[in-house]
Q: 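Sharing a structure, written as structure tokens. Questions coming.
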Amino acid sequence: MVNKNISKDNKQSSAMWGGRFDSKPSKIMENINASISFDKRLYKEDILTSIAHTKMLGKQKILSKEETSKIINGLNQIQKEIESNKFTFSSELEDIHMNIEDRLKNIIGEPAGKLHTARSRNDQVATDLRLWTRNAIKTIDHCLKALQKELIDLAEKNYSTIMPGFTHLQIAQPVTFGHYLLAYVEMFGRDRSRYFDCSNRLNENPLGSAALAGTAFPIDRTFTTKELNFSSTSSNSIDSVSDRDFVIEFLSVSSITSIHLSRMAEEIVIWSTDQFNFIKLSDQYTTGSSIMPQKRNPDAAELARGKSGRIIGSLVAIMTVLKGLPLAYSKDLQEDKEGIFDAFDHLYLSLNACIGMISDLEVNRTAMLSSACLGYSTATDLADWLVMELNIPFREAHSHSGKAVKYAEKNKCSLKDIPIEAFREIDNRINNKVYSFLSIESSVNSKNSYGGTSPKEVKKQIKNARKRFLS
């Protein structure tokens with residue numbers, strides 16, 4: 001049961017809501033309604049939006065030149081106060097919009113009340129959040145590009161470093177480490193293209209849609225579109241204030257990106273174990289144990305892997321919020337911000353952790369090559385040779401190669417150490433040329449198809465990657 005004393009605030013209506021209410025909201029209502037604790041990070045976007053709106057009102061003679069100048073000067077002063085930590089945020093004023101407007105009134109007096117002419121907090125916050133998301137995408141893209149550069153640089157140093165390739169986490173075929181790293185370059189390239197598409201779609205101006213119906217004032221929405229560097233003006237005022245597709249899309253792309261980071265982090269965790277010993281992380285990106293002195297834990301990678309869960313969670317949360325909302329605006333939409341802010345913060349952190357790990361990890365080429373020699377990884381090369389040299393159908397060649405693997409397992413030897421007599425028992429047409437196809441090096445060097453793992457092809461794709469992603 002709610003404590004009745006909570007609602008006994010003084011009988012004074014909210015200045016924000018005007019004359020409709022006789023008294024202030026209860027403390028519980030104030031707490032659940034306020035968003036200033038998290039939406040204050042929109043202050044730059046809110047001031048930018050308000051200045052653009054003010055300029056437009058002045059241009060349209062809705063505000064006088066003096067009023068326009070006072071409001072803009074006051075808004076610039078408020079930005080300086082916020083950035084110098086001299087601004088006091090109030091939960092009673094609910095959000096960043098009203099905190100700024102209230103402070104503006106303290107600075108310039110009555111003209112501050114004219115700032116909100118021909119707009120609503122509905123179109124205001126929709127504009128602010130689009131601007132914030134647009135900037136967030138630029139930041140994430142910069143990080144992704146930096147991560148791609150580190151991966152490409154490491155690939156160039158290891159274009160011929162041989163390691164095992166895996167399927168089902170079982171040794172499959174030998175590949176080069178450079179080729180392996182370029183796989184992640186491609187993943188992050190697709191992420192960047194998805195962010196680019198998201199940015200293009202969100203880059204339309206909702207300002208001027210007001211609460212949901214537009215406005216009777218003679219505003220110029222094209223002016224604010226240009227002023228805020230939007231590519232177009234939204235065409236439907238109802239959709240403009242209720243649309244959060246761009247939040248879903250940003251979180252969707254961020255979730256995919258976090259999954260890619262998680263997959264790469266998982267590899268780093270595995271590769272840095274004593275059992276694999278493919279790489280070594282520096283002290284900067286590992287931690288010790290409180291009880292086991294020998295431990296070097298890949299915590300940066302594990303946390304990057306783990307943070308994908310909260311980013312995906314933010315996506316699920318906003319989709320759940322939106323799924324049942326009628327048009328146009330509902331207060332539920334206030335729930336869009338904490339998720340997108342949190343996802344951005346943790347994706348940004350994860351990206352920088354991965355950039356750091358990739359930039360200074362040590363590669364154990366000997367361990368990689370030794371591991372590539374396990375698991376009969378050239379069995380497919382044997383089958384390919386039987387097809388190319390003896391014109392045997394692949395399915396038959398596959399069976400022959402399987403018999404060779406069975407012989408090697410039984411006799412505890414590698415494929416290249418199988419005697420020619422044993423090969424001829426499998427198929428009497430096999431000759432000594434087969435051995436040139438069974439070494440790890442020949443296997444890797446033979447994969448010259450476009451996008452293949454041969455050092456020659458990897459060098460081409462490194463050059464191609466630099467041109468596609470870094471230029």
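These numbers come from a predicted model, not from an experiment.
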Q: Do Ser359 side-chain atoms and Gly356 backbone N/O form a donor-acceptor pair below 3.5 Å?
A: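 Flag set: sc Ser359 to bb Gly356 pair under 3.5 Å.
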Q: Asp336 pairs by salt bridge (Lys or Arg N to Asp or Glu O under 4.0 Å) with which of Arg244, Arg130, Lys331?
A: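 The single option meeting the salt bridge (Lys or Arg N to Asp or Glu O under 4.0 Å) with Asp336 is Arg244.
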Q: Is it true that the side chains of Tyr195 and Ser254 contain a donor and an acceptor less than 3.5 Å apart?
A: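 Side-chain D/A pair, Tyr195 to Ser254: present.
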Q: In terms of side-chain heavy atoms, does Ser240 have a donor or acceptor partner in Ser234 at a distance below 3.5 Å?
A: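 Short answer, yes.
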Q: side-chain contact (heavy atoms from CB on, under 4.5 Å), that's the test. Do Arg429 and Ile392 meet it? Break it down for me.
A: CA-CA 10 Å; Arg429 292 170 290 178; Ile392 296 174; 3.5 Å; yes
Q: Heavy atoms only: give me the nearest Asp123-Ala210 pair and the separation to one decimal.
A: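 Reported closest heavy-atom pair: OD2-N, 3.0 Å.
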Q: Apply side-chain hydrogen bond (donor to acceptor under 3.5 Å, both in side chains) to residues Ser308 and Ser258 and explain how you reach the verdict.
A: CA-CA 5 Å; Ser308 61; Ser258 74; 4.9 Å; no
Q: Roughly how far, to the nearest 0.5 Å, is NZ of Lys44 from CZ of Arg41?
A: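 Separation between the atoms: 11.0 Å.
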Q: Enter the distance from Gln148:CD to Arg468:CZ here, rounded to the nearest 0.5 Å.
A: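 Output value for this atom pair is 8.5 Å.
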Q: Any side-chain to backbone donor/acceptor pair from Asn391 onto Met388? Under 3.5 Å, distance only.
A: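 Answer holds: no.
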Q: About how many Å separate CG of Leu212 and CG of Asp239, when rounded to the nearest 0.5 Å?
A: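 With rounding to 0.5 Å, CG (Asp239) is 11.5 Å from CG (Leu212).
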Q: List the steps and the verdict of side-chain contact (heavy atoms from CB on, under 4.5 Å) for Phe246 and Leu129.
A: CA-CA 9 Å; Phe246 67 96; Leu129 194 53; 3.9 Å; yes
Q: State the CG-CG distance between Leu147 and Asn352, to the nearest 0.5 angstrom.
A: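 Between atom CG of Leu147 and atom CG of Asn352 there are 9.5 Å.
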Q: State whether a side-chain donor-acceptor pair under 3.5 Å links Asp95 with Ser35.
A: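 Looking only at side-chain atoms, Ser35 and Asp95 do not form any donor-acceptor pair under 3.5 Å.
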Q: Just jot down the side-chain contact (heavy atoms from CB on, under 4.5 Å) partners of Gln284, sequence neighbours excluded, or say none.
A: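 Checked Gln284 against side-chain contact (heavy atoms from CB on, under 4.5 Å); matches are Ser282, Asp360.
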Q: Using a 3.5 Å distance criterion without hydrogens, assess whether the side chain of Glu150 forms a donor-acceptor pair with backbone atoms of Ile358.
A: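 Not a single qualifying donor-acceptor pair exists.
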Q: Among residues two or more places apart or on two chains, list those pairs meeting ring pair (Phe, Tyr, Trp, His ring centres under 6.0 Å) that have a residue in residues 126-159.
A: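 Checked against ring pair (Phe, Tyr, Trp, His ring centres under 6.0 Å) - neighbours excluded - the pairs reaching residues 126-159 are Trp132-Phe341, Trp132-Phe344.
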Q: Using a 3.5 Å distance criterion without hydrogens, assess whether the side chain of Ser401 forms a donor-acceptor pair with backbone atoms of Ala397.
A: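 Flag not set: sc Ser401 to bb Ala397 has no pair under 3.5 Å.
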Q: If only atom types and distance count, is the side chain of Ser442 paired as donor or acceptor with the main-chain N or O of Ser436 below 3.5 Å?
A: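 It does hold such a pair.
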Q: Kindly determine whether Thr161 and Thr176 satisfy side-chain hydrogen bond (donor to acceptor under 3.5 Å, both in side chains), including the steps that lead there.
A: CA-CA 5 Å; Thr161 299; Thr176 55; over 6 Å; no
Q: Using distance alone, with no hydrogens and no angle criterion, decide if Ser414 and Asp417 have a side-chain donor and acceptor under 3.5 Å apart.
A: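 Yes - a donor-acceptor pair under 3.5 Å links their side chains.
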Q: Please step through side-chain hydrogen bond (donor to acceptor under 3.5 Å, both in side chains) for the pair Thr225 and Thr233, ending with a clear verdict.
A: CA-CA 6 Å; Thr225 294; Thr233 307; 2.6 Å; yes
Q: Could you tell me the separation between the CG atom of Asp46 and the CD atom of Gln124, rounded to the nearest 0.5 Å?
A: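 It comes to 4.5 Å.
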Q: Under a 4.0 Å threshold between the charged nitrogen and the carboxylate oxygen, would Lys447 count as salt-bridged to Asp381?
A: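 Yes, this pair counts.
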Q: Between Asn428 and Arg424 (side chain of the first, backbone of the second, donor and acceptor by atom type, cut-off under 3.5 Å), is there such a pair?
A: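 Answer holds: no.
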Q: Taking atom types as modelled, is there a side-chain donor on Asn297 or Thr286 under 3.5 Å from an acceptor on the other?
A: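 No donor-acceptor contact under 3.5 Å links the two side chains.
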Q: Let me see the working for Arg365 and Asn158 under side-chain hydrogen bond (donor to acceptor under 3.5 Å, both in side chains), right down to the final yes or no.
A: CA-CA 9 Å; Arg365 294 176 175 85; Asn158 292 277; 2.9 Å; yes
Q: Any salt bridge linking Arg466 with Asp153? Criterion: basic side-chain nitrogen under 4.0 Å from a carboxylate oxygen.
A: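 Yes, this pair counts.
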Q: Using a 6.0 Å cut-off, check whether atom CZ of Phe394 has over 12 heavy atoms from anything other than its own residue.
A: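 Yes - once you tally the heavy atoms of other residues, nucleotides and ligands closer than 6.0 Å, there are more than 12.
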Q: We want to know whether Tyr43 and Glu83 form a side-chain donor-acceptor pair, criterion being a heavy-atom distance below 3.5 angstrom.
A: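 The answer is yes; a qualifying pair exists.
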Q: Which one of Asp141, Ile259, Ile256, Leu261 satisfies the side chain to side chain contact (heavy atoms under 4.5 Å, CB included) criterion with Asp191?
A: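 Between Asp191 and the candidates, side chain to side chain contact (heavy atoms under 4.5 Å, CB included) is satisfied uniquely by Ile256.
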Q: Identify the residue among Val175, Ile162, Val363 that makes a side chain to side chain contact (heavy atoms under 4.5 Å, CB included) with Met368.
A: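 Answer to the side chain to side chain contact (heavy atoms under 4.5 Å, CB included) test with Met368 among Val175, Ile162, Val363: Val363.
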Q: Please check this pair: side chain of Ser371 against backbone of Ala367, looking for a donor-acceptor N/O pair closer than 3.5 Å.
A: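 Judged by distance alone, no pair lies under 3.5 Å.
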Q: Can you check whether Asn205's main-chain N or O pairs, donor with acceptor, with Arg221's side chain at less than 3.5 Å?
A: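 Side chain of Arg221 to backbone of Asn205: a pair is present.
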Q: Are Asp128 and Thr49 close enough that a side-chain donor and a side-chain acceptor fall under 3.5 Å?
A: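 Side-chain D/A pair, Asp128 to Thr49: present.
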Q: Would you call the rings of Phe166 and Phe276 parallel, tilted or perpendicular, taking 30° and 60° as the class edges?
A: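 Tilted, since the angle between the ring planes falls between 30° and 60°.
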Q: Quick one, Thr139 and Tyr348 - any side-chain contact, counting heavy atoms below 4.5 Å?
A: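 When only atoms from C-beta onward are counted, Tyr348 and Thr139 do touch, with a gap below 4.5 Å.
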Q: Any luck finding a side-chain donor-acceptor pair between Arg194 and Ser252 under 3.5 Å?
A: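 No donor-acceptor contact under 3.5 Å links the two side chains.
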Q: Testing the 3.5 Å rule here: is there a donor-acceptor pair between the side chains of Ser199 and Arg134?
A: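 Not at all, the side chains of Ser199 and Arg134 share no donor-acceptor pair under 3.5 Å.
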Q: Could you list the residues that satisfy side-chain contact (heavy atoms from CB on, under 4.5 Å) with His346, not counting sequence neighbours?
A: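 Scan of His346 (side-chain contact (heavy atoms from CB on, under 4.5 Å), adjacent residues dropped) gives Lys307, Arg310, Asp342.
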Q: Under the 3.5 angstrom rule, does the side chain of Ser120 hit a backbone N or O of Asn122 as a donor-acceptor pair?
A: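 Yes; judged by distance alone, with no hydrogens or angles, the pair exists.
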Q: Test the Arg296-Tyr285 pair against the cation-pi criterion, namely NZ or CZ under 6.0 angstrom from the six-membered ring centroid and within 45° of the ring axis.
A: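 No, Arg296 does not sit over the ring of Tyr285.
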Q: Quick one: closest heavy-atom pair of Ser50 and Leu75, and the distance?
A: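 Residues Ser50 and Leu75, closest heavy atoms: CB-CD1, 3.7 Å.
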Q: Tell me whether Asp39 contacts the main-chain N or O of Ile96 through its side chain, where contact means a donor paired with an acceptor under 3.5 Å.
A: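 The answer is yes, because a donor-acceptor pair under 3.5 Å joins these two groups.
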Q: Mind checking what makes side-chain contact (heavy atoms from CB on, under 4.5 Å) contact with Ser377, not counting sequence neighbours?
A: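 Checked Ser377 against side-chain contact (heavy atoms from CB on, under 4.5 Å); matches are Ile171, Pro174, Ile440.
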Q: Given Lys145 and Leu470, is the side-chain contact (heavy atoms from CB on, under 4.5 Å) satisfied, shown in steps?
A: CA-CA 7 Å; Lys145 183 177 181 179; Leu470 306 183; 3.9 Å; yes
Q: Between the side chains of Glu267 and Tyr184, is a donor N or O closer than 3.5 angstrom to an acceptor N or O?
A: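 Yes.
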Q: Report the residues that fulfil side-chain contact (heavy atoms from CB on, under 4.5 Å) with Glu389, sequence neighbours left out, ordered by chain and then residue number.
A: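 Here the qualifying residues are Trp385, Lys433.
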Q: Are there more than 12 heavy atoms of other residues, nucleotides or ligands under 6.0 Å from atom CD1 of Ile32?
A: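 No, because the 6.0 Å sphere around CD1 of Ile32 holds 12 heavy atoms or fewer from other groups.
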Q: Quick one: do the Asn76 and Gln79 side chains pair a donor with an acceptor below 3.5 Å?
A: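 No pair is found: no donor N or O on one side chain lies under 3.5 Å from an acceptor on the other.
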Q: Report yes or no: is the cationic atom of Lys40 (NZ for Lys, CZ for Arg) under 6.0 Å from the centre of the six-membered ring of Phe89, at an angle within 45° of the ring normal?
A: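 Output yes; distance and angle both within limits.
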Q: Pairs in or reaching into residues 302-332: which pass ring pair (Phe, Tyr, Trp, His ring centres under 6.0 Å), with residues at least two apart or in two chains?
A: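 Sorted pair list comes back empty.
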